[in-house]
There are 2 protein chains.
Amino acid sequence: METRTLTARTSPESARDIPEATVARLPVYLRALTTLSEQGTGTCSSEELAAAAGVNSAKLRKDLSYLGSYGTRGVGYDVDYLRYQIAREIGVTQDWPVVIVGIGNLGHALANYSGFRSRGFRVVALLDADPDRHDEVVAGVDVRPFNELEGIVTEHGVAIGVIATPALAAQDVADRMVATGISSILNFAPTVLSVPAGVDVRKVDLSIELQILAYHEQRKSHGQVTA
Amino acid sequence: METRTLTARTSPESARDIPEATVARLPVYLRALTTLSEQGTGTCSSEELAAAAGVNSAKLRKDLSYLGSYGTRGVGYDVDYLRYQIAREIGVTQDWPVVIVGIGNLGHALANYSGFRSRGFRVVALLDADPDRHDEVVAGVDVRPFNELEGIVTEHGVAIGVIATPALAAQDVADRMVATGISSILNFAPTVLSVPAGVDVRKVDLSIELQILAYHEQRKSHGQVTA
DNA sequence: TAGATTGTTAATCGATTAACAATC
DNA sequence: TAGATTGTTAATCGATTAACAATC
């Protein structure tokens with residue numbers, strides 16, 4: 001991901017420079033803390049939280065150190081307090097409005113995914129180019145024509161778009177999203193998107209994940225012995 | 001007596017040591033080459049392939065150098081030849097049998113995803129613990145009870161399992177998969193799995209991806225200027 | 001041969017990790 | 001105070017990148 005940013009390092013509060021690898025783990029810590037909180041755990045050590053998040057504790061402490069000093073030496077972390085601080089750092093203390101484009105099998109699954117709501121996102125619109133899908137209601141939201149994108153983005157202040165179309169349509173959808181002011185895109189279509197600098201794209205690709213597993217699997221069977 | 005993993009580095013052919021970051025990009029190159037091939041391109045330079053894959057050409061050439069020397073100086077790469085070499089390196093010159101467990105919205109979408117077949121995978125079974133889903137047919141495959149896992153894994157020699165269950169069921173499913181001999185797991189459930197050494201887990205988490213985007217989005221609006 | 005482009009080197013950058021001083 | 005655990009340091013490791021010699 002290419003983010004070319006000039007940081008106005010004026011305010012002392014904001015804009016600490018958090019490494020990308022750390023940013024990618026903050027949501028994992030947030031989820032682990034939510035689980036701990038639901039289990040009634042009030043305090044945890046870096047060792048415990050690290051175990052719950054599936055990382056080692058040195059990495060966890062190093063990651064948290066970029067956010068500030070939210071633990072107590074000799075004691076550990078207050079679960080709810082740390083959870084709030086991480087949620088604030090990520091920016092999910094309020095909901096982000098999201099549009100999903102392409103309401104096929106995967107789009108349906110995404111629209112129905114209940115986890116978005118509790119994790120800081122609200123699906124405000126489902127769009128599809130196919131008229132046969134219009135006015136279908138998925139998870140309580142109408143499927144609307146794709147050309148309503150601009151109105152919806154403007155109306156709700158949408159900054160994040162999800163692309164779940166076939167590969168061939170994805171670049172056009174991305175272009176239209178960018179034109180309407182969306183600057184973060186989650187792409188499920190199996191294609192490389194090109195977008196202007198300043199727009200973030202993340203890609204989720206099922207076959208690629210399976211192929212990475214296949215590579216390692218192949219190596220396990222050939223000429224290696226595990227005892 | 002404890003014997004750790006002993007790599008038989010005897011054969012000169014196999015077991016080159018490809019960095020993990022490179023392994024994760026090989027499927028991207030493979031897809032780009034497939035697209036080029038379909039467009040009728042016979043030869044491409046590292047610059048062209050890199051552009052199609054969304055990386056810079058230095059990184060591409062470095063990555064390919066771990067596989068061998070498959071280009072021609074002054075000319076470039078033969079698209080179909082390089083495509084075959086990468087497919088062979090990944091291990092997708094034949095199909096890998098795969099089982100999907102958890103046939104909810106997401107499981108349906110995965111089962112219907114046509115891209116698996118063309119990229120080296122064959123869904124041999126769909127399993128679900130819920131009797132109401134049994135004998136439903138999704139994408140031409142019967143949904144079967146979860147306890148048929150072992151028989152299916154043995155019968156088809158399944159090494160790769162996909163978990164698309166709710167979070168609470170995921171660890172149990174993973175345990176059962178490992179017990180039957182599956183050693184690679186693609187996990188869509190929003191939970192950290194613990195598995196023994198030697199088992200690979202990859203995780204796809206929709207909310208985490210969105211939260212990473214949200215983090216950067218938040219920074220774009222507050223006191224940062226993107227150029 | 002001259003031009004083009006690979007494959008490799010080496011420098012740089014970023015991420016991980018162990019160890020421990022600080023401090024509750 | 002003694003024990004526990006954080007936050008930070010510094011060393012190590014792995015990934016990226018530019019530059020260019022090799023060579024078609």
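Values reported hereafter were calculated over all heavy atoms of this structure, with side chains retained and with hydrogens, waters and symmetry mates removed. Letters A, B, ... are given to chains in the order of the sequence lines, protein chains preceding strands, and every chain is numbered from 1.
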Student: Between B:Arg61 and B:Ser46, do the side chains contain an N or O donor and an N or O acceptor separated by less than 3.5 Å?
Tutor: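 Short answer, yes.
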Student: Roughly, in whole Å, what's the span from CD1 in A:Ile18 to P in C:dG14?
Tutor: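 Those two atoms, CD1 and P, are 15 Å apart.
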Student: Applying salt bridge (Lys or Arg N to Asp or Glu O under 4.0 Å) to B:Asp78 and B:Arg83, what does each step give before you reach the verdict?
Tutor: CA-CA 8 Å; B:Asp78 180 284; B:Arg83 182 160 72 112; over 6 Å; no
Student: Scan B:Glu47 against the nucleic acid and name what it touches under 4.0 Å (heavy atoms): base, sugar-phosphate only, or nothing.
Tutor: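 No contact.
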Student: DNA chain C: A:Thr72 or A:Ala21, which has the more 5' nearest nucleotide?
Tutor: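 Residue closer to the 5' terminus by nearest nucleotide: A:Ala21.
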Student: Roughly, in whole Å, what's the span from CZ in A:Arg61 to C1' in C:dC24?
Tutor: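 Taking atom C1' of C:dC24 as the reference, CZ of A:Arg61 is at 15 Å.
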Student: Taking Watson-Crick and G-U wobble pairs with both distances under 3.5 Å, convert DNA chain C into its dot-bracket string, 5' to 3', dots for unpaired and | for cross-strand pairs.
Tutor: ..||||||||||||||||||||||
Student: Hey, does the side-chain of B:Arg73 have a donor or acceptor N/O within less than 3.5 Å of a partner on the base of C:dT6?
Tutor: yes
Student: Between A:Ser184 and A:Asp200, is there a side-chain donor-acceptor contact under 3.5 Å, judged purely by atom types and distance?
Tutor: no
Student: Take the protein atom NZ of B:Lys59 and the nucleotide atom P of D:dA18, then report the distance between them rounded to whole Å.
Tutor: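 Rounding to the nearest Å, NZ of B:Lys59 and P of D:dA18 are 10 Å apart.
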Student: How about A:Phe116 and A:Tyr113: are their ring centroids closer than 6.0 Å?
Tutor: yes
Student: Counting heavy atoms from C-beta on, name the nucleotide in D:dG7, C:dT8, C:dG7 closest to the side chain of A:Tyr77.
Tutor: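 The nucleotide sitting nearest to the side chain is D:dG7.
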Student: What is the distance, to the nearest angstrom, from the CD atom on A:Glu20 to the C1' atom on C:dT16?
Tutor: 16 Å
Student: Return the value, rounded to whole Å, for the distance between atom OH of B:Tyr66 and atom P of D:dT16.
Tutor: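 Taking atom P of D:dT16 as the reference, OH of B:Tyr66 is at 9 Å.
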Student: Tell me if the aromatic rings of B:Tyr77 and B:Tyr70 count as close, with their centers under 6.0 Å from one another.
Tutor: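 No, ring centres 6.0 Å or more apart.
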Student: Check step by step if side chain to side chain contact (heavy atoms under 4.5 Å, CB included) holds for A:Val79 and A:Leu49.
Tutor: CA-CA 9 Å; A:Val79 170; A:Leu49 180 53; over 6 Å; no
Student: For B:Arg25 and D:dG14, what is the distance between atoms CZ and P respectively, to the nearest whole Å?
Tutor: 15 Å
Student: Atom OH of B:Tyr81 and atom P of C:dT6: how far apart are they, to the nearest Å?
Tutor: 15 Å
Student: Counting only side-chain nitrogens and oxygens, does B:Tyr70 get under 4.0 Å of the OP1 or OP2 atom of C:dT5?
Tutor: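 Answer is no, no contact under 4.0 Å.
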Student: Categorize B:Ala58 for me: base, sugar-phosphate, or nothing, with a 4.0 angstrom heavy-atom threshold over every strand shown.
Tutor: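 Base, at least one base atom sits under 4.0 Å.
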Student: Given atom CG of A:Leu64 and atom P of D:dT8, what is their separation to the nearest angstrom?
Tutor: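 Nearest whole value for this atom pair: 11 Å.
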Student: Any side-chain donor paired with an acceptor under 3.5 Å for A:Glu217 and B:Ser183?
Tutor: yes
Student: Centre of B:Phe121's six-membered ring, under 6.0 Å away, within 45 degrees of the axis: is that where NZ or CZ of B:Arg117 sits?
Tutor: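 No, cation not above the ring by the 6.0 Å, 45° rule.
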Student: Quick one, which residues of residues 29-45 of chain B touch DNA chain C with a heavy atom under 4.0 Å?
Tutor: B:Ser45
Student: Does B:Arg31 count as lying over the ring of B:Tyr29, i.e. NZ or CZ under 6.0 Å from the six-ring centre, within 45 degrees of the axis?
Tutor: no
Student: Respond yes when some side-chain nitrogen or oxygen of A:Ser46 is under 4.0 Å from OP1 or OP2 of D:dT6, and no when none is.
Tutor: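 It does, given that an N or O in the side chain of A:Ser46 lies less than 4.0 Å from OP1 or OP2 of D:dT6.
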Student: If we ignore angles and hydrogens, is there a donor and acceptor under 3.5 Å between the side chains of A:Ser37 and A:Asp80?
Tutor: yes
